[in-house]
Engineer: 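Structure incoming, see below.
Numbered from 1 within each chain, the chains take letters A, B, ... in sequence-line order.
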Amino acid sequence: MPLSQPFRFHRESSSAEGAPEARAGSFSTRHGIVATPAFMPVGTQGTVKGVTPAQLMEIGPQVILGNTYHLGLRPGDELVARLGGLHVFMGWHGPILTDSGGFQVFSLSSMRKITEEGVAFQSHIDGSRHFLSPERSMEIQRNLGSDIVMALDECPAGRLERSKLEASMARTTRWLKRSRDYPLAEHQGLFAINQGGTHLDLRQRHLQEILDLDAQTPFQGFAVGGLSVGEPKEEMNATLAQFVRALPADRPRYLMGVGTPEDLLFGIEQGVDLFDCVLPTREARHGRLLTSRGRINIKNARHKESAEPLDPECSCYTCRTFSRAYLHHLLRAGELLASTLNSIHNLSYTVGLTRAARLALLENRFPDFARRTRENWQTEEP
RNA sequence: GCCGAGAUGGCCGAGUGGUUAAUGGCAGCAGACUGUAAAUCUGCCACGCAACGCGUUACGGAGGUUCGAAUCCUUCUCUCGGCA
């Protein structure tokens with residue numbers, strides 16, 4: 001059965017001026033305390049692409065992700081279970097959150113068919129046929145042994161027409177009930193996922209359905225899904241501004257798939273505790289790097305001879321050790337180390353941003369922090 | 001010296017009379033990426049303009065055949081292989 005006690009969320013900060021919903025807090029899992037706000041790096045296939053757990057440890061994320069669909073398909077959840085669970089298998093002993101496969105319903109839409117029972121997938125690896133139901137998603141996640149388990153949802157494309165969105169939402173609620181009724185391991189906590197696109201009334205209706213289920217058996221946290229999937233940024237922000245505060249305050253709130261620095265800051269201001277995103281690692285591999293003075297593309301010719309560190313204000317291994325010219329060279333040369341060093345930096349920057357926001361909240365200087373952080377992004381670095 | 005093969009845009013390399021300013025790849029110059037089918041994808045990449053169009057110069061050099069040539073002919077230069 002799921003935990004009878006929710007991950008109790010302790011709010012640790014008082015209300016910040018101009019951003020009353022923003023909050024610093026924490027909750028405990030078997031594999032460690034999660035201090036929020038927190039950015040969670042994505043490690044879909046049992047690895048945060050390009051970085052070792054030791055390097056990750058130095059970066060210091062509170063939680064990392066794994067993926068149900070991908071790990072269930074390869075190497076297989078039962079194998080991972082036999083080998084001691086995902087923590088042992090991948091050598092990461094901090095908290096792990098596993099996504100349910102709901103996003104793959106969206107991103108692999110050409111290879112699946114949704115029915116009430118679940119989702120029939122054709123493997124993106126070899127074309128073989130698989131079926132992901134809420135129960136199967138829970139089974140995989142139980143085998144993986146993650147700390148935070150996501151309910152299987154249908155992640156609809158942004159801008160889906162309202163009637164289809166409503167049908168999808170209703171199914172996600174029915175799937176949520178089935179996810180909830182599936183027995184997880186004792187240490188695992190189930191998060192519910194709210195859908196509804198950018199329609200506030202649909203979001204609220206869906207939340208009410210979730211809270212009705214929550215009243216019977218509490219969920220351990222609440223996620224906002226189905227954003228940053230193609231809808232205009234203003235619509236996403238408007239939705240967050242109005243909706244996040246409606247989520248129960250006594251448990252973690254998780255905004256799924258969001259990860260630009262601007263979006264993180266905005267989300268924190270709306271009261272979001274957890275974020276995850278592939279962007280920092282993917283962009284790192286492509287040379288797009290975040291710095292305190294703006295974004296840069298390290299591939300650009302202007303960095304070819306720069307002896308400067310990537311970001312003089314950053315203390316990550318990459319910035320402590322290497323010049324821009326070297327990072328430029330590695331990426332140009334197609335060296336694997338480019339991915340590693342760039343990922344270390346972008347993750348440090350992103351995780352560091354949420355950590356700094358947390359500190360600012362705890363020290364009652366969040367508005368100033370937010371203002372200064374935004375100022376830094378206004379100019380693309382010279 | 002003789003015989004053979006070949007010289008194409010920064011490099012490699014298609015193309016053997018006409019939708020060819022010239023396929024591809026690489027290099028180069030930029031851009032995109034938000035619960036990862038992404039070490040991926042996209043655009044540009046002869047020169048000049050009053051530029052989604054026009055002009056000029058281009059397939060080793062020179063000359064020729066033809067309405068029309070990178071593509072055919074002659075010759076020169078160079079490169080590679082073989083024989084001396």
Side-chain angles (χ1 to χ4, degrees), chain A residues 39-51 63-71 73-74 96-112 121-127 137 141 146 148-158 191 193-195 221 223-233 236-237 240 254-264 266-267 272 274-290 295-304 328 330-343 346 350 380:
Chain A
F39 175 80
M40 309 183 285
V42 179
T44 304
Q45 308 207 64
T47 162
V48 176
K49 291 187 194 299
V51 301
V63 185
I64 66 170
L65 299 217
N67 185 277
T68 297
Y69 167 85
H70 287 281
L71 292 169
L73 221 49
R74 181 171 63 186
I96 295 177
L97 179 155
T98 40
D99 187 28
S100 58
F103 185 72
Q104 280 62 45
V105 175
F106 163 68
S107 67
L108 297 170
S109 60
S110 62
M111 323 190 76
R112 53 72 171 156
F121 273 107
Q122 244 182 300
S123 162
H124 67 286
I125 302 165
D126 62 6
S137 177
Q141 294 186 74
S146 54
I148 300 173
V149 170
M150 299 307 297
L152 181 66
D153 64 332
E154 182 187 345
C155 180
F191 276 35
I193 303 175
N194 173 267
Q195 293 289 349
V224 178
L227 290 178
S228 64
V229 284
E231 77 285 0
K233 177 64 70 73
M236 173 174 110
N237 285 352
L240 290 174
Y254 166 26
L255 175 55
M256 306 183 80
V258 161
T260 70
E262 293 86 345
D263 288 349
L264 294 179
F266 186 81
V272 174
L274 299 167
F275 304 86
D276 80 286
C277 195
V278 305
L279 213 51
T281 43
R282 183 182 292 168
E283 289 195 325
R285 271 176 268 127
H286 301 163
R288 187 78 168 155
L289 304 178
L290 301 161
R295 281 171 241 261
I296 67 163
N297 189 335
I298 197 67
K299 274 186 301 195
N300 288 172
R302 49 197 267 265
H303 301 114
K304 184 174 183 177
H328 173 91
L330 289 182
L331 199 65
R332 287 282 171 139
E335 283 294 337
L336 297 176
L337 189 57
S339 291
T340 297
L341 296 179
N342 293 343
S343 295
N346 268 4
T350 309
E380 184 100 352

Engineer: Examine B:A30: is either OP1 or OP2 under 4.0 Å from a nitrogen or oxygen in the side chain of A:Asn297? Give yes or no.
Structural biologist: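 No, because none of the side-chain N or O atoms of A:Asn297 sits under 4.0 Å from OP1 or OP2 of B:A30.
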Engineer: Determine, using ring centers only, whether A:Tyr69 and A:His124 are less than 6.0 Å apart.
Structural biologist: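 That pair passes the under 6.0 Å test.
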Engineer: Look through every strand shown and name the nucleotide pairing with B:G43 as Watson-Crick or G-U wobble, where both distances are under 3.5 Å.
Structural biologist: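 Paired with B:G43, as far as the under-3.5 Å criterion goes, is B:C29.
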Engineer: Give a yes or no on whether a donor-acceptor pair under 3.5 Å exists between the nucleobase atoms of B:G35, that is its base, and the side chain of A:Asp276.
Structural biologist: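 No, the side chain and the base share no sub-3.5 Å donor-acceptor pair.
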Engineer: Side chains of residues 332-340 of chain A: which donor-acceptor pairs under 3.5 Å do they make with residues two or more places apart or in other chains?
Structural biologist:
unit_1: A:Arg332; atom_1: NE; unit_2: A:Lys299; atom_2: O; d: 3.2
unit_1: A:Arg332; atom_1: NH2; unit_2: A:Lys299; atom_2: O; d: 2.4
unit_1: A:Thr340; atom_1: OG1; unit_2: A:Gly50; atom_2: O; d: 2.8

Engineer: What's the gap between B:G9 and B:C47 when it is taken at their C1' atoms, as a whole Å value?
Structural biologist: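 My reading of the C1' atoms in B:G9 and B:C47 gives 12 Å.
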Engineer: Below 4.0 angstrom, which residues in residues 149-157 of chain A have at least one non-hydrogen atom near RNA chain B?
Structural biologist: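 The stretch gives A:Asp153, A:Cys155 as the residues lying under 4.0 Å from the strand, ordered by number.
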Engineer: For B:U34, does OP1 or OP2 lie under 4.0 Å from any side-chain N or O of A:Ser228?
Structural biologist: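 Negative; the distance criterion is not met.
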Engineer: Can B:A51 be described as syn, meaning its chi torsion is within 90° of 0, or is it anti?
Structural biologist: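 Because its glycosidic torsion lies within 90° of 0, B:A51 adopts the syn conformation.
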Engineer: Both A:Asp99 and A:Gly334 contact RNA chain B. Which one's nearest nucleotide lies toward the 5' end?
Structural biologist: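 Looking at RNA chain B, the more 5' nearest nucleotide goes with A:Asp99.
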Engineer: Answer yes if the side chains of A:Thr98 and A:Gln141 hold a donor-acceptor pair under 3.5 Å, and no otherwise.
Structural biologist: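 Checked: A:Thr98/A:Gln141 side chains pair up, N/O donor to acceptor below 3.5 Å.
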Engineer: Please determine whether a side-chain nitrogen or oxygen atom of A:Gln104 lies at a distance below 4.0 Å from atom OP1 or OP2 of B:A37.
Structural biologist: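 The answer is yes; a side-chain N or O of A:Gln104 sits under 4.0 Å from OP1 or OP2.
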Engineer: Side chains of A:Tyr254 and A:Val224, heavy atoms from C-beta outward: is any pair under 4.5 Å?
Structural biologist: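 Side chain of A:Tyr254 against side chain of A:Val224, heavy atoms only: no contact under 4.5 Å found.
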Engineer: Using heavy-atom distances to pick each residue's nearest nucleotide on RNA chain B, tell me which of A:Thr260 and A:Leu336 is more 5'.
Structural biologist: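 That would be A:Thr260.
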Engineer: Can you list everything that forms a side-chain contact (heavy atoms from CB on, under 4.5 Å) with A:Leu279? Sequence neighbours excluded, please.
Structural biologist: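 Expected list: A:Thr260, A:Cys277, A:Glu283.
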Engineer: Does A:His286 lie flat on the base of B:U40, that is, centres under 5.5 Å apart and planes under 30° off?
Structural biologist: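 Ring-base stacking flag set for A:His286 and B:U40.
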Engineer: Does the structure show a Watson-Crick or G-U wobble partner for B:G53, both distances under 3.5 Å? Name it, or say none.
Structural biologist: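 Partner of B:G53: B:C49.
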Engineer: Rounding to an integer number of angstrom, what distance separates B:C59 and B:U20 when you compare their C1' atoms?
Structural biologist: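 One C1' to the other, the span is 11 Å.
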Engineer: Keeping A:Asn346 on the side-chain end and A:Leu290 on the backbone end, is there a donor-acceptor pair under 3.5 Å?
Structural biologist: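 Yes; judged by distance alone, with no hydrogens or angles, the pair exists.
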